[in-house]
Protein chains: 2
Amino acid sequence: MKRPANASRGIQDVLRAQNISGQSLSECPVRQVLDQIGDKWSTLMLLSLSEKPYRFGELRRLIPDISQRMLTQTLRDLQRNGLILRTVFPTQPPSVEYRLTPLGESLLEPLGTLVRWAETHYGRIQSARRHFDGKADAA
Amino acid sequence: MKRPANASRGIQDVLRAQNISGQSLSECPVRQVLDQIGDKWSTLMLLSLSEKPYRFGELRRLIPDISQRMLTQTLRDLQRNGLILRTVFPTQPPSVEYRLTPLGESLLEPLGTLVRWAETHYGRIQSARRHFDGKADAA
DNA sequence: CAGAATCCATACAGATACTG
DNA sequence: CAGTATCTGTATGGATTCTG
């Protein structure tokens, strides 16, 4: 069958390693990564840059519903975490290119795993929600 | 080498499938999944329940720094999305058991991939941050 | 072009008190 | 025991205006 026994094992090891019942939640590596990719735009940004490097304005056009504030902020966070590289070309007017670092590229693989899971199981989530909301209405 | 060319390919397909430049961001499967696992407690909850089913109070003791409000809310969201199953035993006083559904268990694998990535690359993220913050201070 | 700065609404999350 | 209800502070994120 598809019991993910080994995955579960690995996770439990991590749980223990992180001392889940301790106070080190904010410094937990898993939490830090989730805080980054869990925000509204980081994932989309990483996936976009996985295609090729982009400039600020290009990213803006590529993801029309991001505000310029959030674009700046997301890019800065990703840069701070070493996931993307920011290169300023001293032209006039200035142009800035963003590209994935090797570290950023290495994140594409776990991210891809997640993306494929989402694609595959989306329908089940949807129907679970309808069922849950339906029962809630009945009550 | 370790160029994740295939992962990148898959991601690009997903990007196109999601019509990234369209308006369907809020209904994007990937986004919905990230909204769930990206919140503060869901991942910890799923990982905890991957070990074995737990009751409300047990979870509370297992994760001491979660507030009871967030525990309730996180569990309800996970239940709504079909990732965990809530079973009420009509005892006195009542006891409620939470356990992963098969759907929830299937999420452990992509989650494990992410967790392992975080573990492996945590050091590089940390040093990238120090470097970034150091340069920011200098300016 | 690529941003910084400011203002503002809402979402998220903790503390506390109460209930079947 | 397993929650709900309320109140409140903080973080998130959008709109708008301004700058090298």
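Since we're looking at a predicted model, the values are computed, not measured. A note on names: the letters A, B, ... follow the listed sequences, proteins ahead of strands, and every chain is numbered from 1.
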**Request:** May I ask you to evaluate whether B:Arg69 reaches the phosphate of D:dG3, defined as a side-chain N or O under 4.0 Å from OP1 or OP2?
**Result:** no
**Message:** Which residue is it: B:Leu78, B:Leu111, B:Leu83? I am looking for the one with a side chain to side chain contact (heavy atoms under 4.5 Å, CB included) to B:Ile37.
**Reply:** B:Leu111
**Within 6.0 Å of CZ in B:Arg80, more than 12 heavy atoms from elsewhere** = yes
**Prompt:** Which residue lies toward the 5' end of DNA chain D, B:Pro93 or B:Thr72, if each is placed at its nearest nucleotide?
**Reply:** B:Pro93
**Message:** Could you tell me how far apart B:Trp41 (CH2) and C:dA13 (P) are, to the nearest whole angstrom?
**Reply:** 9 Å
**Message:** Tell me whether the side-chain N/O atoms of B:Arg61 come closer than 4.0 Å to OP1 or OP2 in D:dA2.
**Reply:** no
**Request:** Please name the pair of heavy atoms, one in A:Pro53 and one in A:Glu58, separated by the smallest distance, quoted to 0.1 Å.
**Result:** O-OE1, 4.5 Å
**Prompt:** Of the nucleotides C:dA2, C:dG3, D:dA2, which has the atom closest to the A:Arg55 side chain?
**Reply:** C:dA2
**Message:** In this structure, how many angstroms lie between the C1' atom of D:dT12 and the CZ atom of A:Arg76, rounded?
**Reply:** 14 Å
**Message:** Check this for me: does the side-chain of A:Gln68 come within 3.5 Å of the base of C:dA4 through a donor and an acceptor?
**Reply:** yes
**Prompt:** Checking all strands, does B:Arg60 fall into the base, sugar-phosphate, or nothing category for heavy-atom contacts under 4.0 angstrom?
**Reply:** nothing
**Prompt:** Between B:Lys40 and D:dA11, is there a side-chain N or O to OP1/OP2 distance below 4.0 Å?
**Reply:** no
**Message:** Any base atoms under 4.0 Å from B:Tyr98, or only sugar-phosphate, or nothing? Heavy atoms, all strands.
**Reply:** sugar-phosphate
**Message:** By the 4.0 Å heavy-atom rule, please label A:Gln73 as base, sugar-phosphate, or nothing.
**Reply:** nothing
**Message:** If I take atom CZ in residue B:Phe56 and atom P in nucleotide D:dA2, what distance separates them, rounded to the nearest angstrom?
**Reply:** 7 Å
**Fill in**
B:Met70 CE to D:dG3 P, in whole Å, measures 15 Å
**Request:** Using whole Å, report how far CD of B:Gln92 lies from P of C:dT19.
**Result:** 17 Å
**Prompt:** What is the distance from CD1 of B:Ile66 to P of C:dA15, rounded to the nearest Å?
**Reply:** 12 Å
**Fill in**
On DNA chain D, more 5' by nearest nucleotide between A:Asp39 and B:Gly57 is B:Gly57
**Prompt:** Nearest-Å distance, CZ (A:Phe89) to P (C:dA2)?
**Reply:** 11 Å
**Request:** Take the protein atom CD of A:Glu58 and the nucleotide atom P of C:dA2, then report the distance between them rounded to whole Å.
**Result:** 8 Å
